[in-house]
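Owing to the predicted nature of the structure, the values given are computational and were not obtained by experimental measurement. Both ligands and their constituent atoms are indexed starting at 1 by order of listing. We use all heavy atoms of the structure for the numbers below, so side chains are in, but hydrogens, waters and symmetry mates are not. The chain is numbered in sequence order, starting from 1.
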Amino acid sequence: MLNEKVHFLLNQQINKEFYSAYLYLDFSNYFKARGLDGFANWYMVQAQEERDHAMLFYTYLQNENMSVTLDAIAKPDKVFTADMDVLKAGLEHELYVTSLINDIYAAAYEVKDFRTMQFLDWFVKEQGEEETNANDLISKMELFGSDPKSLYMLNNELAARVYTAPSLVL
Ligand code: FEO
């Protein structure tokens, strides 16, 4: 039996992760329309990873015999006029998700819910990687984005990203 607040936050995270997938699909769509297929691919893979994250929270609650409540997924409503703004919005979003994971961890810590803390350990590490990826992308764009040939090469690099299933299996 999970603590009420821990249960609420874990359930809420299902929605937050599906929203993340939705947000990155929107980013992918933006870059597809721009003709930057590599960037579109990069965010498409990111969206797939976010869907996996949502399912991990979903499965964890089910495994713990806790109820799952699915809420409406919010509409990604930002309108972008510059490529860099999309990348920066991605980093900002990941920092927000890190804060959410930390909040759940803190709630689990408070009630000595060691099993949930152990489950969340994977996400703590994952968020570090997500922030690094988002930061790296911004750095590369700052360095190469203003030169068409370099942007073309960066786009090709991002086209090579492939989806891999999460290393955490429940
Ligand atoms: Fe599921 Fe990008 O955090």
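- The environment of Y152 atom OH is sparse: at most 12 non-hydrogen atoms of other residues, nucleotides or ligands sit within 6.0 angstrom.
- Taking the centre of each ring, Y30 and F27 stay at or above the 6.0 Å mark.
- In summary, the side chains of S20 and H53 do not present any donor paired with an acceptor at a separation below 3.5 Å, with no hydrogens or angles considered.
- Between the T59 side chain and the M55 main chain, a donor and an acceptor come within less than 3.5 Å of each other.
- In terms of hydrophobic clustering, with Ile, Leu, Val, Met, Phe, Trp and Tyr side chains grouped at heavy-atom distances under 4.5 Å, M1 and Y109 are assigned to a common cluster.
- Around atom 1 (Fe) of ligand 1, the protein contributes the following N, O or S atoms under 2.8 Å, ordered by chain and number: E17 OE1, E50 OE1, H53 ND1.
- Ion pairing between a basic and an acidic side chain is recognised when a charged N comes within 4.0 Å of a carboxylate O; E129 and K125 show such pairing.
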